[in-house]
Undergrad: 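The structure is given below, and queries will be raised subsequently.
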Amino acid sequence: MNRQPDWMQEEQHLKECVGVIKKNIDAYVQEIRIMDADIKDMYERYRDDDPEIFTELSNTITMNEGMKTALAKNERALKKAYFGRIDVKDGDRDVETFYIGKGGVMNGTTEILVVDWRAPIANVYYENGLGECSYQAPEQQRITIDLRRKRTYEIDGEKLLDYFDSEVVANDELLTKYLAKNKEAVLGEIIATIQKEQNDIIRKTPYRNMIVQGVAGSGKTTVAMHRISFILYNYVKDFRPEDFYIIGSNRILLNYITGVLPELDVHGVKQMTMEQLFIRLLYEEWNEKKIRVVPCKTETVCKGTQGWFEKLREYCNRLEDSLISEETIYLEDEVLFSAEQIQNYRRANPTVSLQGKIDGLNERVLIKLKNEMTGRELAYPAEERKRLMKEYTGRFGAKKWKRPMTELYAEFLQWLSEDCEREAGRLETEGTLAQFGSERVQNAIRMTQEAITPAKKNQPGNYDVYDLAALAYLYKRIKETDPIREAHHIVIDEAQDFGMMAYQVLHYCIPGCGWTIMGDVSQNIHFGFGLNDWEELKTLVLKDEKDTFGVLSKSYRNTVEISEFAQQILRHGSFSSYPIEPIIRHGNPVCVERCAAVLERAVEKLTQWQQEGHETIAVVLRNEAEAAMVAAELKKRIEIGESDLEKAEFGKGILVLPVEYTKGLEFDAVLIYEPTPEDYPEDDGHAKLLYVAATRALHELAVLYTDEVTKLIG
């Protein structure tokens, strides 16, 4: 087939498009320069008593920021103006051609040169094959069209490298071509290669909750980021960037997300770890001088469960029952406020805190009292009214809760310990914590009590993520009187890392929030703290019939050889896992090598990979101490990235990381360093841990060891 005429037309169109983008850039640069000068001038003339200048200054700053955003969008478009094209026929109209890119490009104020990938019409590119199909236009019925052509481009700046039509090249074949590139190049092509099952999740309504089970390499993090971008583009009236929270399992993953979001035209979204979110929910109760955040200990695994939360809720219920009297209040011999009225108020306000209920009941008693005394000067003269008001004020308690939540949490632990002693026999066979038995629960309580109790005066106690969750729940349930609006929509990545205790607390503390929850239960590396299945979370979050549970079963990351190697690791576990469908992309066999000098062999392997063009490389070890030691030795021989985990950033080069810090990331090549039987014993938790390490690799995976390798591999 002769593509020459078509090729020339495509080259000409790209040239014209790039010309418009350059013209836009020049115009925006000029406008920004003028506005910057105007803003400087207005600042110099600004006075507090001149509202006109203040208004003009505010408007100019807003316009200037909009211009800078448009400039950045066109500068990105200059690198690759578009990646796709669809030719559609709508009824009796002529065939229309739409070019699709990472961002929309305008020629003037009316002509759309490139359609933004998030626009409704662009969904046809991702969703449909040739022939009759439809798409949902904003606030309209579905529009039926005839898709005549779907084309994908390889473009580098002003140069057309190649293009493919969907009826000529299969989707997986095209995807494989992109995936064969290095990590940085793959990131640049993500929007062009979004698959149908990923697109379905990205474009789901934000007004419904969603849980997505996605196998390693299925693009969960990518889908989550694109979903935020899609929502902000299409639901401008209802969502702003600050309405979103992204929750990640570690800081390196969050920094990676931070770097990618601007490419998707997303700015100002809050990103935090789960620990940071609970700290945020503590508000004025947070005191870094009294609370030190520490990792969870395996021995306290029951703290992350649904059962632990239910015990905390029971404690709060009992506390409320003990502090709010339901005895009828009398004025002389007449009923002023009945026990039934008190009960009705409590039932009608289930989400109001204990302090809020105390304040509300106090207020109602005084209103009743005032009504009784109104117009009855003879029965209640001024002095008597004053005395009665004083007597009935604060009948249900003081106006302000003064006890700190840390003290209340310590009391909860003591109550739970005593409750376990009383219920020891029952706890072995039934109840919310029965799976652990009374001895393990008591041990977890003792360890937590010791951890949160400072060793010396003026030192902080040690609190893990589930202790922080309990403090946040206690604050919301007991003390809060002026609720603060938090996120409108929360996106949780690597969701399997967190237990139901965390989700129950979030669900209570941030009511009315939408959820996009992404994870893979086969990658729960937190040894019992996280989720081994989705059932409890589905019951909590997916309450509406239109809420959805989705599955991403295709793995786009690993070669067939790496995928098969990783699945062999999982087969050592006793748990069930979701099936993986790897995209058929072959590469080199996984290198499992015993060597006399692992360090020197690692240097050779890493150097070889870099010479072969692999830009992002990870050396993975079992824990932070081992990672720090190996990083120090490697640094003497080759250049590696920042080894301080508090400063390390995902990017080009070699990163030496403990396996937990690789979650959610992917690298061109991965070297698993000395996976000994001691570091990775043959059990479910370590099988998942090693599986995570292996599935980080796109193209190359090597395992180097000295004496004996873990049986999970051997």
Side-chain angles (χ1 to χ4, degrees), residues 154 169-190 192-195 197-198 214-223 520 522-523 552-572 577-593 602 604-620 650 652 654-655 657 659 662-673 675 687-705 709 712-714:
E154 281 194 75
V169 179
N171 195 33
D172 279 0
E173 186 182 341
L174 182 59
L175 180 62
T176 302
K177 180 182 177 71
Y178 283 125
L179 293 176
K181 300 179 181 181
N182 65 42
K183 169 64 181 169
E184 293 297 309
V186 170
L187 272 177
E189 308 292 355
I190 281 173
T193 58
I194 290 171
Q195 302 299 287
E197 66 271 20
Q198 296 172 325
V215 300
S218 58
K220 295 183 295 296
T221 302
T222 298
V223 167
D520 177 13
S522 295
Q523 296 184 63
L552 294 173
S553 56
K554 282 189 179 180
S555 176
Y556 304 100
R557 178 187 298 149
N558 315 124
T559 61
V560 170
E561 291 76 11
I562 294 171
S563 180
E564 289 178 350
F565 179 84
Q567 288 184 69
Q568 287 293 339
I569 294 172
L570 277 190
R571 292 190 181 104
H572 287 268
S577 58
Y578 285 82
I580 301 172
E581 303 171 29
I583 291 292
I584 305 303
R585 179 173 67 89
H586 286 280
N588 291 328
V590 175
C591 168
V592 180
E593 184 178 333
E604 291 175 9
K605 181 64 77 173
L606 296 171
T607 303
Q608 174 194 335
W609 281 343
Q610 288 187 314
Q611 290 171 348
E612 290 172 354
H614 298 303
E615 296 178 339
T616 57
I617 300 173
V619 179
V620 181
F650 176 85
K652 293 181 182 179
I654 300 169
L655 280 179
L657 298 170
V659 62
T662 67
K663 291 294 294 295
L665 303 176
E666 54 187 38
F667 302 84
D668 292 333
V670 170
L671 191 156
I672 301 176
Y673 194 102
K688 291 180 178 182
L689 201 64
L690 198 56
Y691 171 76
V692 167
T695 53
R696 302 307 95 194
L698 274 84
H699 309 299
E700 297 281 356
L701 176 62
V703 179
L704 301 182
Y705 66 100
V709 70
L712 295 171
I713 292 176

Undergrad: So, does K220 use its side chain to make a donor-acceptor pair with the main chain of L552 at under 3.5 Å?
TA: no
Undergrad: Got a sec, which residues hit side chain to side chain contact (heavy atoms under 4.5 Å, CB included) with V592, two or more places apart in sequence or on another chain?
TA: F565, V590, V703, Y705, I713
Undergrad: What's the spacing between I562 CD1 and L701 CG if we round to 0.5 Å?
TA: 5.5 Å
Undergrad: Residues two or more places apart in sequence or in another chain: which of them pass side chain to side chain donor-acceptor pair (under 3.5 Å) with E604?
TA: R601
Undergrad: Determine, stepwise, if the pair V620 / L657 fulfils side chain to side chain contact (heavy atoms under 4.5 Å, CB included).
TA: CA-CA 5 Å; V620 181; L657 298 170; 5.6 Å; no
Undergrad: May I ask you to decide if the ring planes of H699 and H614 are parallel, tilted or perpendicular, using 30° and 60° as cut-offs?
TA: parallel
Undergrad: Listed by chain and number, what are the side chain to side chain contact (heavy atoms under 4.5 Å, CB included) partners of S522, not counting sequence neighbours?
TA: D520, L570, S577, Y691
Undergrad: Donor-acceptor pair, Q195 side chain versus S218 backbone, under 3.5 Å?
TA: no
Undergrad: Looking at T695, is its backbone amide N or carbonyl O close enough to the side chain of R557 to form a donor-acceptor pair, meaning the two atoms are under 3.5 Å apart?
TA: yes
Undergrad: Any chance you could measure Y556, atom OH, to I194, atom CD1, to the nearest 0.5 Å?
TA: 10.5 Å
Undergrad: I would like to know whether R585 and T559 meet side chain to side chain contact (heavy atoms under 4.5 Å, CB included); could you show each step before the answer?
TA: CA-CA 5 Å; R585 179 173 67 89; T559 61; 3.6 Å; yes
Undergrad: Measure the spacing between CG of L704 and SG of C591 and express it to the nearest 0.5 Å.
TA: 6.0 Å
Undergrad: Could you grab the distance from atom CD of Q568 to atom CG of L712, nearest 0.5 Å is fine?
TA: 12.0 Å
Undergrad: Taking salt bridge (Lys or Arg N to Asp or Glu O under 4.0 Å) as the definition, give me every residue that meets it alongside E581, ordered by chain and number, with sequence neighbours left out.
TA: none
Undergrad: Looking at OG1 of T616 and CG of D668, how far apart are the two atoms once the value is rounded to the nearest 0.5 Å?
TA: 3.5 Å
Undergrad: Please determine whether side-chain hydrogen bond (donor to acceptor under 3.5 Å, both in side chains) holds for the pair T607 and Q611, giving the CA-CA distance in whole Å, both sets of side-chain angles, and the decisive distance to 0.1 Å.
TA: CA-CA 6 Å; T607 303; Q611 290 171 348; over 6 Å; no
Undergrad: Using the test side chain to side chain contact (heavy atoms under 4.5 Å, CB included), find all partners of Q610 that sit at least two apart in sequence or belong to another chain.
TA: I617, I654
Undergrad: Going by atom types alone, do N588 and E561 pair a side-chain donor with an acceptor below 3.5 Å?
TA: no
Undergrad: So, using side chain to side chain contact (heavy atoms under 4.5 Å, CB included) as the criterion, who are the partners of Q608 when residues are at least two apart?
TA: K605, E612
Undergrad: Using only atom types and a distance under 3.5 Å, with no angle test, would you say the side chain of S555 pairs donor to acceptor with the backbone of A216?
TA: yes
Undergrad: When you measure from the side chain of N558 to the backbone of A697, do you find a donor-acceptor pair of N or O atoms at a distance under 3.5 Å?
TA: yes
